[in-house]
Q: 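Below: one structure in structure tokens.
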Amino acid sequence: MTTVSKADSVSNPYGGSAVGPRPLVDPRVWPQIAQVPGGMKVAAAAPVADFLFRRAVARLQVRVAMPDGEVIGAGSADAPLMTVYRPHDFAARVGDSGLIGFGEAYMAGDWDAADLTAVLEVFARRMASLIPKSLQRLRGLYIPKPPRSERNTTKNTRSNISRHYDLSNDLFELFLDETMTYSSALFAESGDDDSEELADAQRRKIDRLLDRAGVGEGTRVLEIGTGWGELAIRAAARGATVRSVTLSTEQQELARKRCAAAGCGDRIQIDLLDYRLVDGEYDAIVSVEMIEAVGHQYWATYFETIDALLAPGGRVALQAITMPHDRMLATRNTYTWVHKYIFPGGFLPSVRAIEEVTEQSTSLRVRERLSMGDHYARTLAQWDRRFREYRSEAEELGFDEVFARMWHFYLCYSEAGFRSGYLDVQQIVLDRRDNR
């Protein structure tokens with residue numbers, strides 16, 4: 001249910017009347033969504049933000065409908081449509097905090113889109129050039145930096161992880177498949193054919209990683225980042241013994257239950273433990289989309305730890321979301337909407353960064369890579385569809401309308417990144433063979 005005022009009702013040039021989808025906002029939960037930023041800084045920055053936004057969309061294949069009937073953007077009639085309901089509030093939020101404000105404006109209902117992924121994909125394709133280069137050089141003076149309290153020290157990391165993964169097992173069960181796998185699937189066919197069950201595609205992804213890591217009867221496996229236990233279960237079913245570490249109490253609890261229900265709890269140990277504190281020796285080390293939570297300051301520590309734990313002749317199989325190297329360098333000290341609302345302390349590496357840090361800090365070398373970006377786009381689309389189908393159930397769990405808009409934005413934002421090619425996901429195999 002939404003609340004609107006007469007001021008929210010505007011003329012829609014594409015038929016009928018548009019009512020801004022202003023959600024009910026609890027200011028105790030969402031103080032920065034409930035309150036439109038103001039003050040001298042915003043008064044100066046909002047007109048600049050409006051100008052830069054209009055300048056950007058004038059070169060993009062998108063349409064932007066304003067409440068006075070104006071339509072801007074270079075898109076044709078069938079281009080994705082973004083509707084701005086409250087231009088003043090939209091400009092104030094963007095002017096106050098850039099792309100963080102862009103996402104917050106969506107959460108607040110200042111703008112909307114029937115096909116949010118399509119709109120965001122247009123922006124993602126031109127991410128590096130949306131802001132003039134002359135102004136990009138000033139980003140360090142304007143764009144906020146990640147707070148030190150969110151750096152992934154051994155003291156902070158558990159808090160960062162819990163803010164996402166300890167939201168609620170019941171919430172994740174709403175939109176994940178039966179394997180409870182929260183990472184990119186690997187589909188048998190390319191394209192957008194949804195005939196294959198997501199659970200089967202998730203098992204294919206896991207099995208490929210286990211194959212590449214050489215997991216079989218008697219293998220000692222370390223999994224860094226448990227998820228909800230599916231990889232550990234499938235490794236144990238091969239006859240391996242598994243030690244899996246996580247910093248999420250919710251994940252540990254459910255993963256242990258799932259492992260016991262699968263009849264392999266005696267071969268799986270799930271510890272609430274930072275990866276830096278793991279001991280022992282392992283024939284195979286597997287980590288699925290966990291490096292994104294490490295933080296660039298600790299990539300060397302992450303791989304040095306893996307190197308120290310890997311037995312002679314062992315192999316490492318990672319699945320990692322990656323971004324272009326130049327964009328990684330440009331944004332590594334930038335605080336983003338994703339940091340603020342989804343993954344505090346997170347940062348995506350580039351393939352080059354992974355290769356360089358392993359060469360400089362370890363005896364490990366990258367031997368094989370598989371690019372799977374299109375598969376992640378399909379995975380995210382299915383998650384988003386299921387989340388929207390079960391939105392009322394999410395509300396019953398206590399996740400309000402602002403959260404629902406935030407989660408929808410997060411899933412579509414991510415899907416757009418993969419569809420545009422700005423993001424990719426890789427399965428990467430490393431070992432210690434002589435580099436000859």
Side-chain angles (χ1 to χ4, degrees), residues 115-118 120-121 124 169-216 223 225-238 240 251 254-255 258-259 261-264 286-290 292 317-322 368-391 393-394 407-408 410-429:
D115 189 341
L116 181 58
T117 298
L120 294 174
E121 183 180 351
N169 284 335
D170 292 335
L171 172 70
F172 286 100
E173 285 177 335
L174 290 180
F175 69 92
L176 298 180
D177 63 88
E178 65 192 57
T179 69
M180 286 295 288
T181 307
Y182 189 39
S183 52
S184 177
L186 179 61
F187 295 90
E189 302 292 337
S190 59
D192 291 320
D193 179 10
D194 284 340
S195 60
E196 181 179 6
E197 291 292 331
L198 180 58
D200 291 335
Q202 291 289 11
R203 294 184 184 106
R204 177 179 295 104
K205 174 271 299 293
I206 291 170
D207 289 345
R208 187 182 189 278
L209 284 166
L210 296 178
D211 288 344
R212 294 304 189 271
V215 175
E223 180 187 22
T226 305
W228 285 275
E230 186 69 17
L231 188 146
I233 292 170
R234 296 189 74 78
R238 296 182 175 209
Q251 287 189 333
L254 184 54
R258 295 184 75 243
C259 292
C264 53
V286 185
S287 187
V288 181
E289 294 180 24
M290 187 273 179
E292 301 85 350
L318 308 179
Q319 186 162 303
I321 302 172
T322 61
E368 177 188 329
R369 293 194 291 111
L370 173 69
S371 172
M372 300 164 47
D374 291 342
H375 296 262
Y376 218 151
R378 291 174 62 183
T379 303
L380 285 154
Q382 293 200 37
W383 289 347
D384 182 57
R385 181 165 59 249
R386 286 175 58 85
F387 179 75
R388 286 182 283 122
E389 288 174 358
Y390 291 101
R391 179 165 170 173
E393 286 83 353
W407 205 257
H408 178 52
Y410 150 57
L411 294 173
C412 293
Y413 178 91
S414 302
E415 181 187 350
F418 289 105
R419 290 199 179 279
S420 69
Y422 184 79
L423 300 179
D424 198 0
V425 62
Q426 310 268 341
Q427 284 194 352
I428 301 173
V429 179

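Computed from a predicted structure; not experimentally measured. One-based numbering along the sequence shown.
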Q: Can you name the residues that form a salt bridge (Lys or Arg N to Asp or Glu O under 4.0 Å) with Asp170, not counting sequence neighbours?
A: none

Q: Looking at Glu197, I'd like to know if its CD atom is crowded, meaning that more than 12 non-hydrogen atoms belonging to other residues, nucleotides or ligands lie closer than 6.0 Å.
A: no

Q: How about His408 and Arg391: do any of their side-chain heavy atoms sit closer than 4.5 Å?
A: no

Q: Taking salt bridge (Lys or Arg N to Asp or Glu O under 4.0 Å) as the test, write out the residues that go with Arg385, two or more places apart.
A: Asp194

Q: Quick one: salt bridge (Lys or Arg N to Asp or Glu O under 4.0 Å) partners of Asp200, sequence neighbours excluded?
A: Arg203

Q: As an exercise, state the distance from CG of Asp177 to CD of Gln382, rounded to the nearest 0.5 Å.
A: 8.5 Å

Q: Go through Phe418 and Thr379 one step at a time and tell me if the side-chain contact (heavy atoms from CB on, under 4.5 Å) criterion holds.
A: CA-CA 10 Å; Phe418 289 105; Thr379 303; over 6 Å; no

Q: Would you give the length of the straight line joining atom CD of Glu121 to atom OH of Tyr422, rounded to the nearest 0.5 angstrom?
A: 14.5 Å

Q: Would Arg208 and Gln427 count as having a side-chain donor-acceptor pair, cut-off 3.5 Å?
A: yes

Q: May I ask you to check whether Glu415 and Thr117 show a side-chain donor-acceptor distance below 3.5 Å?
A: yes

Q: Pick one: which of Val215, Val286, Asp207, Thr181 meets side-chain contact (heavy atoms from CB on, under 4.5 Å) with Leu231?
A: Val286

Q: Check whether any side-chain heavy atom of Asp374 lies under 4.5 Å from a side-chain heavy atom of Phe187, and answer yes or no.
A: no

Q: Specify whether Tyr182 and Trp383 have parallel, tilted or perpendicular ring planes, treating 30° as the upper limit for parallel and 60° as the lower limit for perpendicular.
A: tilted

Q: Could you give the distance from CD (Glu223) to CE (Met290), rounded to the nearest 0.5 Å?
A: 11.0 Å

Q: Taking the side chain from Arg386 and the backbone from Leu176, do they hold a donor-acceptor pair closer than 3.5 Å?
A: yes

Q: Taking only residues two or more places apart in sequence, or in another chain, which ones meet Glu230 in a side chain to side chain donor-acceptor pair (under 3.5 Å)?
A: Arg258

Q: Taking Arg234 as the fixed residue, which of Thr179, Leu209, Ile206 is the one that meets the side-chain contact (heavy atoms from CB on, under 4.5 Å) rule?
A: Ile206

Q: Would you compute the distance between atom CG of Leu318 and atom CZ of Arg369 and round it to the nearest 0.5 angstrom?
A: 12.5 Å

Q: Parallel, tilted or perpendicular, judged at 30° and 60°: which one describes the rings of Trp228 and Phe172?
A: tilted

Q: Return the set of residues passing side chain to side chain donor-acceptor pair (under 3.5 Å) with Ser183 (not counting sequence neighbours), or none when no residue passes.
A: Lys205

Q: Can you tell me which residue among Ile233, Leu254, Thr226 is in a side-chain contact (heavy atoms from CB on, under 4.5 Å) with Cys259?
A: Ile233

Q: Atom NE2 of His375 and atom CD of Gln202: how far apart are they, to the nearest 0.5 Å?
A: 12.0 Å

Q: Can you name the residues that form a salt bridge (Lys or Arg N to Asp or Glu O under 4.0 Å) with Asp384, not counting sequence neighbours?
A: Arg388

Q: Show your working on salt bridge (charged side-chain N to carboxylate O under 4.0 Å, His left out) between Arg238 and Asp211 and close with a plain yes or no.
A: CA-CA 10 Å; Arg238 296 182 175 209; Asp211 288 344; 2.8 Å; yes

Q: Out of curiosity, Leu380 CG to Arg419 CZ, how far, rounded to the nearest 0.5 Å?
A: 9.0 Å

